Amino acid sequence: ATNHRLWPEIERMVEAQVMMAKMGIGECGSGWQLFAEDGEMKMYRREEEVDGMVVDPLKAVHVVKGITGHEVCHHFFSPQYRYDWETTLEHMTVLETISDDTLVFLQTHKRIWPASQRDGLFWSHIRKLPNEKDRDGPDIWTVVNNSTDHPDYPPNNGKCVRVFLTVCLLCQTTVDPPKEGMPLTRDNLSCKITYCSVVNPGGWAPASVLRAVYKREYPKFLKRFTAYVKNQTQSKPIMF
Ligand SMILES: CCCCCc1ccc(-c2ccc(S(=O)(=O)CCO)cc2)cc1/C=C\c1ccccn1
């Protein structure tokens with residue numbers, strides 16, 4: 001749907017986030033440091049502070065066999081799966097269903113001592129993009145989450161400190177064709193996943209605590225989430 005209030009912002013954010021996600025680490029500007037590696041998964045961060053608060057941009061790249069970008073983005077975007085893979089979640093509500101590809105979420109995350117509990121209010125948009133490199137190849141899929149306002153839930157009016165986040169999940173599927181006459185199976189699939197996020201913690205939190213949380217939580221999150229998608233899809237027909 002292109003006639004709702006958020007459409008211009010969503011168009012702008014999706015274009016900018018997808019362009020950034022497609023850039024390699026080298027092109028993304030200097031200062032990226034590899035802080036976690038596990039098999040095909042590599043996680044980079046840049047140390048940045050805004051008003052003395054840690055807002056370290058994060059960029060993770062991962063290659064997972066046996067699933068498609070559509071399946072990864074579908075399970076990341078759809079609310080019904082979120083409690084299964086998002087371990088830091090305490091509560092999640094869909095405040096608005098703007099269209100079938102655009103939702104507004106309100107999430108509270110478990111409190112991380114000694115910081116106060118955080119909540120996040122953001123629009124989430126899922127989109128298929130044409131594969132510019134290979135016209136007949138599988139499409140690229142992306143989900144962009146970006147903080148927004150909602151009249152009924154102003155920031156910091158309850159127990160939680162409101163975080164401000166921008167997240168982009170970009171997935172490119174590769175099909176390694178089977179032998180002549182053999183059926184396509186999940187063994188012929190591989191998905192390159194790029195996850196970019198900038199989370200401003202909203203209120204003050206000790207830099208050491210934030211950096212420890214990100215160092216611990218992000219690798220866990222991406223491994224757990226991709227394992228979840230493989231598990232959920234392994235015996236189902238391939239969703240391109
Ligand atoms: C003092 C602690 C401050 C940080 C608290 C926090 C804020 C935001 C978020 C967060 C992380 C990922 C998203 S998402 O990618 O859009 C998916 C939908 O949930 C949205 C929100 C998390 C966490 C807390 C922990 C934490 C940090 C990384 C990774 C995982 N958990």
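Since the model is a prediction, treat every value here as computed from it, not as a measurement. As the structure lists them, so they are numbered: ligands from 1, and atoms in each ligand from 1.
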Per-atom contacts of ligand 1 with [X], taking only distances under 4.0 Å to non-hydrogen atoms:
X: Gln107; result: 18 (C), 19 (O)
X: Leu165; result: 20 (C), 21 (C)
X: Tyr218; result: 28 (C), 29 (C)
X: Thr88; result: 25 (C), 26 (C), 30 (C), 31 (N)
X: Val167; result: 15 (O), 16 (O)
X: Ala115; result: 1 (C)
X: Leu210; result: 1 (C), 2 (C), 3 (C)
X: Phe76; result: 15 (O), 17 (C)

Please report whether the ring centroid of [Y] lies less than 6.0 Å from that of [X].
X: Phe221; Y: Tyr195; answer: yes
X: Phe240; Y: His70; answer: no
X: His125; Y: Trp7; answer: yes
X: Trp85; Y: Phe76; answer: yes

Below 4.0 Å from ligand 1: does a non-hydrogen atom of Phe105 turn up there or not?
no

With no hydrogens and no angle check, do the side chains of [X] and [Y] hold a donor and an acceptor under 3.5 Å apart?
X: Gln107; Y: Asp119; answer: no
X: Glu9; Y: Trp123; answer: yes
X: Tyr228; Y: Asp84; answer: yes
X: Gln117; Y: Lys110; answer: no

Could you check which of [options] puts a non-hydrogen atom nearest to [atom]?
atom: atom 27 (C) of ligand 1; options: Arg216, Arg224, Glu217; answer: Glu217
atom: atom 5 (C) of ligand 1; options: Arg118, Glu86, Lys220; answer: Arg118
atom: atom 8 (C) of ligand 1; options: Asp119, Leu58, Val199; answer: Val199
atom: atom 14 (S) of ligand 1; options: Phe221, Tyr214, Trp113, Tyr195; answer: Tyr195

Lys NZ or Arg CZ of Arg127 over Phe77 ring: under 6.0 Å, within 45°
no

